[in-house]
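Numbered from 1 within each chain, the chains take letters A, B, ... in sequence-line order. Just so we're clear, the structure is a prediction, and the values are computed from it rather than from any experiment. Atoms considered below: every heavy atom in the structure, side chains included; atoms not considered: hydrogens, waters and symmetry mates.
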2 protein chains.
Amino acid sequence: MNQQIILKNRPKAKPSEKDFEIQEIEEEKDGKLSLKTKYISVDPYLRGRMRDEESYIEPFKIGKPIDSMLVSEVMASDLPDFSKGDHVVGMLAWKKQQAHTGNNLRKIDKNLAPLSAYLGILGLTGLTAYLALEKIGKLQEGETLLVSGAAGAVGSVVGQIGKIKGCRVVGIAGSDEKIEHIQEKFGFDTGINYKTTENMQQAISEKCPDGVDVYFDNVGGEILDATLQNINKDARIINCGAISIYNSTETPTGPRPEGILIKKSALMQGFLVRDHVDDYQKAISQLAEWLKSGKLKYDETIVEGFEKTPKAFIDLFDGKNMGKMLVKV
Amino acid sequence: MNQQIILKNRPKAKPSEKDFEIQEIEEEKDGKLSLKTKYISVDPYLRGRMRDEESYIEPFKIGKPIDSMLVSEVMASDLPDFSKGDHVVGMLAWKKQQAHTGNNLRKIDKNLAPLSAYLGILGLTGLTAYLALEKIGKLQEGETLLVSGAAGAVGSVVGQIGKIKGCRVVGIAGSDEKIEHIQEKFGFDTGINYKTTENMQQAISEKCPDGVDVYFDNVGGEILDATLQNINKDARIINCGAISIYNSTETPTGPRPEGILIKKSALMQGFLVRDHVDDYQKAISQLAEWLKSGKLKYDETIVEGFEKTPKAFIDLFDGKNMGKMLVKV
């Protein structure tokens, strides 16, 4: 039998397992490809797509399967470009097996990197880190780069690229173990455990004595507020994620940024990796080169079992992952 | 006798005349030029420079004269580049007469445009409008440009440049007269009187049926919040001024923008015209050309009398000016 995971209810605040349902379904046969799921990517941005239909890009529908980036194996193909045994990556439904047209799938090479890497450092997370820094961050040697969610999938790549570019890199994460880890494994210069820090504004000031030139923000909220008090002239703030406010039930409020932005001629810009599809191939080549030469490392938290997918997604909001969170099916 | 105007106290909230003092002083003689003040520019951004010394760029000192852009006449010169009877524009002290080194003064031609225009449309206000649109706004034909403070010195130029570039231009101002005026004199397509509008978010949605592509913000605060609810994908928000919060005594708070910025891949960027000195000459040439060909019009509110300068500055915060506020000495 085949299985799928549907969105049962729109989560009110933090998602719970009751918002999802695992259903038994028939094997799908009406496509040109038959795909068997190997790895499922669970990502914080999926929370946004669980909101009201009108309010978000490509919202999920109640009663329909969730989709995200998956790595699948081709079990059968009527298409000349795909053969049985090939591996592909693409936006696919949370199903153990699915039929597919072959459109918007990309073949991947498991000899170049492990299959799971194509959902992380060579997938949307690596692309997000690389392209947001290219398009908005515009890092200059000697600048200070501050990264929140620094031990996460995107943040850990951001920090390593910062070091490749010759910046001072400071990471914010939620445990002393994570702070130690990002310094030892990823080469961050230093870090701040926001859970044990009373005054973030002061901590950032101490760890970034020359001020913050680029802030790569994965969390939003109060850490963003504290950072704004420490930015330099012409600072660039990349609004890549706002995990701290995704589960808010009321409109989150905070200090207004416009006065500081004016005073510092600073920039805050939202980044969605999907806006930059034309740049993916070039970015993946650069990331793969750095990966091969050992300049980039990565973490994965791999949960085993298709039925654990909702739980793995929910655990993202408690920071239970180290690096990219994946489900192995 | 000569006179100067000093900052007596840092204003707590809205500035009052008691924060300034007019003092009798000697004629200044120890410079290469002797300058007689003709026009004084009063601008909202000066409010920022009246704050605590550390918190703002070039803060004013208590007991010392204010400075802003002035047009002066050369009364005597020891310099080859300046002759008696020349007119100059530059950052000068609020004094009826002052000695000067000649550094950072620009000679102006009163036959090309009236002297007062060099403090407005051919001065920092025109430069601010033009360069902020060039550097951040990047207007495309057919886009919708929303402008707050639309009847003000900067806003009215912004709107006219929007029309030159083929945009739909919507202005926000504080009276029906101002709205009528920006449509009739400056060619805005339509406008919103924020003082009589209960629901700004809805009003913006109605007046900008295709959404807002570029928002030129002179006011900050709740009008910015309402605009953020109406921005299009890839919108550009120019944070040029925040007059609505300049007089706040506590940190102003509001809805957090980071979620919307991410959803719309939108950008908010602070703009300070002084960051772009290298582009002034080219911009003034373009503005002068448009002015000559009748594509640009401007308003001035000219207050007569040196001693009225503090009052003219304070009146800016009640919107008593139409266009550029100037003092004629």
Side-chain angles (χ1 to χ4, degrees), chain A residues 44-45 47-49 51 55-57 128 132 135-136 148 215 217-225 227-229 231 233-246 248 250-276, chain B residues 44-45 47-49 51 55-58 132 135-136 148 215 217-225 227-229 231 233-246 248 250-276:
Chain A
Y45 83 89
R47 177 65 183 84
R49 295 180 61 196
R51 293 186 184 277
S55 76
Y56 227 83
I57 301 154
T128 298
K135 302 281 174 180
I136 305 174
S148 59
Y215 175 45
D217 189 12
N218 288 304
V219 303
E222 291 175 13
I223 295 177
L224 173 56
D225 304 339
T227 302
L228 280 167
Q229 298 299 324
I231 57 172
K233 186 107 175 80
D234 298 315
R236 289 83 73 195
I237 294 163
I238 302 166
N239 298 114
C240 184
I243 199 168
S244 75
I245 63 172
Y246 284 159
S248 300
E250 290 173 17
T251 306
T253 59
R256 294 185 172 280
E258 56 264 35
I260 296 169
L261 295 180
I262 295 172
K263 209 161 95 178
K264 299 291 186 181
S265 304
L267 145 73
M268 280 175 69
Q269 187 167 1
F271 183 81
L272 285 175
V273 70
R274 285 169 292 171
D275 295 342
H276 303 277
Chain B
Y45 83 88
R47 177 65 183 85
R49 296 179 60 196
R51 292 187 184 276
S55 76
Y56 228 83
I57 302 155
E58 300 179 74
K135 302 282 176 182
I136 305 173
S148 59
Y215 175 46
D217 189 13
N218 288 303
V219 303
E222 290 176 12
I223 295 178
L224 172 57
D225 304 338
T227 302
L228 281 166
Q229 299 299 323
I231 57 173
K233 185 107 175 82
D234 297 317
R236 288 83 73 197
I237 294 164
I238 302 165
N239 297 114
C240 183
I243 199 168
S244 76
I245 62 172
Y246 283 160
S248 301
E250 289 174 16
T251 306
T253 59
R256 293 184 173 281
E258 56 265 34
I260 296 169
L261 295 181
I262 295 172
K263 210 162 95 178
K264 299 291 184 181
S265 305
L267 119 76
M268 282 176 70
Q269 188 167 1
F271 182 81
L272 284 176
V273 70
R274 285 169 292 171
D275 295 343
H276 302 277

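With a 4.5 Å cut-off on side-chain heavy atoms, B:Ile237 and A:Glu258 do not count as touching. Side-chain contact between B:Asn239 and A:Met268: absent, with no pair of heavy atoms (C-beta onward) separated by less than 4.5 Å.
When heavy atoms are compared at a cutoff of 4.5 Å, B:Ile260 does not approach chain A at all. The contact between B:Ala242 and chain A is made by backbone and side chain atoms together, counting heavy-atom distances below 4.5 Å.
In this structure, NE2 on A:His276 lies 6.0 Å from OG on B:Ser265, to the nearest 0.5 angstrom. Distance CD1/B:Ile238 to CG/A:Leu261: 13.0 Å, rounded to 0.5 Å.
The two residues A:Cys240 and B:Ile262 have their closest heavy-atom pair at C-CD1, 3.9 Å. B:Arg256 and A:Glu222 make their closest contact through NH2-N, 3.9 Å (heavy atoms, listed as atom of the first residue, atom of the second, distance).
Annotation: maximal heavy-atom pairing with chain A below 4.5 Å, among B:Gly220, B:Gly221, B:Gly241, B:Pro257, occurs at B:Gly221. Contact tally against chain B (heavy-atom pairs below 4.5 Å) for A:Thr251, A:Asp225, A:Asp234: the top residue is A:Asp225. Per-residue counts of heavy-atom pairs under 4.5 Å with chain B were compared for A:Ile136, A:Leu224, A:Asp275, A:Asp217; the largest is that of A:Asp275.
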